[in-house]
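Here the structure is laid out as structure tokens; the discussion comes afterwards.
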2 protein chains.
Amino acid sequence: MSVQRQTKQLQAIQTAFETAGRPLSIDEIHELAGRDIESLGVRTVYRAVRRLQENGDVSIVNVPGGSDRYELASVAAEHHHHFHCTACDRFFDIHGCPGGLKKLLPKGFKLEHHELTLSGLCESCA
Amino acid sequence: MSVQRQTKQLQAIQTAFETAGRPLSIDEIHELAGRDIESLGVRTVYRAVRRLQENGDVSIVNVPGGSDRYELASVAAEHHHHFHCTACDRFFDIHGCPGGLKKLLPKGFKLEHHELTLSGLCESCA
DNA sequence: TAACTAATGGCAATTAATTGCCATTAATGC
DNA sequence: GCATTAATGGCAATTAATTGCCATTAGTTA
């Protein structure tokens, strides 16, 4: 069976996730990892992210409006939410959760998950 | 200058919003209004929704993952959130808001808006 | 009712995001 | 180092959503 190779492209992509510490879009990954690997192809980013997802190392973050972001599965493992800066279009992790959502439900509805996205200006844009 | 005509297609689309009482996707509008107007074209739905938006009668609802939904501006005017049924893929209005979000913010961040999407099973799917 | 023209709707064209293809590169095991 | 083959990356192709085009339909006003 096939063995996964540890390429420097994949390493750069993993490093990008770790140093960014926030959810990244495909383009952001391409940009950040591309600083290490010149001429990093977007095609490679798509493949790497897919593989990291399949390996359970990275989780997808569906955001309202914009394109999908990806974050380390270790981060996704603990319940949290996100902040979207409308100026720089970056997403950040928000720790904590308002809670008490069940009482907002119409009767008969069954709550399984929830997603909260705060938006405004991040520290560097404010 | 041009006068907007009240066509039966546009009426059916407006009626669809009012009777549905929940955010609708382009396809849902097409389906619902299409029950009144046979052979209603999707092209017409796109144009009508665009015009209703420009007239301020309809607002766009960005949802995580899926395609955009649209709701009556009168509904959007009062702060509320949404519930997404993972079984039938419909969205519903949720009245109320958990509040207390400001204390979740990292320091230096400025909160302007927020969006909450509950998900699970709606009454008829549960 | 007639004239005017906004609106419709079917299909082709566009757009943006993602993937297939494949020759080339380079990581791995011996 | 060498052989093997997974991975890369550039471009073309695909996909899905939306829009342009335009002949036809049908509100609107006089």
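Proteins get letters first, then strands, A, B, ... in listed order; numbering begins at 1 in each.
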query: Over how many whole Å does the gap from Gln4(A) atom CD to dT8(D) atom C1' extend?
result: 15 Å

task: Please report, rounded to the nearest Å, how far the C1' atom of dT18(C) is from the NE2 atom of His30(A).
output: 14 Å

side-chain N/O Ser67(B) vs dA16(D) OP1/OP2, d < 4.0 Å: no

- line: Of all heavy-atom pairs linking Ala20(A) and Leu32(A), the shortest is CB-CD1, 4.2 Å

- prompt: Stepwise, does the salt bridge (charged side-chain N to carboxylate O under 4.0 Å, His left out) test hold for Glu28(A) with Arg90(A)?
  reply: CA-CA 9 Å; Glu28(A) 285 176 328; Arg90(A) 292 183 298 178; 5.9 Å; no

field: Exercise: do His84(B) and His113(A) side chains pair donor with acceptor under 3.5 Å
entry: no

message: I need the CZ-P distance between Arg50(B) and dA7(C), as an integer number of Å.
response: 14 Å

Atom-to-atom span, NZ of Lys8(B) to P of dA7(C) - whole angstrom: 14 Å

Nearest-Å distance for atom pair CG/P, residues Leu10(B) and dT28(D): 10 Å

task: Determine whether the side chains of Gln4(A) and Asn55(A) contain a donor N or O and an acceptor N or O closer than 3.5 Å.
output: yes

message: Can you measure Ile29(B) atom CD1 to dT8(C) atom P for me and round it to whole angstrom units?
response: 14 Å

message: Side-chain N or O of Gln6(A) versus OP1/OP2 of dT28(C): is the shortest distance under 4.0 Å?
response: no

- prompt: Looking only at side-chain N and O atoms, does Thr44(B) come under 4.0 Å of OP1 or OP2 in dG9(C)?
  reply: yes

Tyr46(A) vs dT19(C): side-chain N/O to OP1/OP2 distance below 4.0 Å: no

query: Of Arg5(A) and Leu40(A), whose closest DNA chain D nucleotide lies nearer the 5' terminus?
result: Arg5(A)

query: Over how many whole Å does the gap from Ile26(B) atom CD1 to dA16(D) atom P extend?
result: 17 Å

OP1 or OP2 of dG20(C) under 4.0 Å from side-chain N/O of Arg47(A): no

Value in whole Å for how far the P atom of dT19(C) lies from CG of Asp68(A): 11 Å

- prompt: Cationic tip of Arg22(A) within the cone over Phe92(A)'s six-membered ring, i.e. under 6.0 Å and within 45° of the normal?
  reply: yes

- prompt: OP1, OP2 of dT8(D) versus side-chain N and O of Arg51(A): anything below 4.0 Å?
  reply: yes

query: For Thr7(B) and dA6(C), is the shortest distance between a side-chain N/O and OP1 or OP2 below 4.0 Å?
result: no

task: Output yes when at least one side-chain N/O atom of Gln9(A) is less than 4.0 Å from OP1 or OP2 of dG9(D), else no.
output: yes

message: So Ser39(A), base contact, sugar-phosphate only, or nothing? Heavy-atom distance under 4.0 Å.
response: sugar-phosphate

message: Base of dG9(D), side chain of Arg43(A) - is there a donor-acceptor contact under 3.5 Å?
response: no

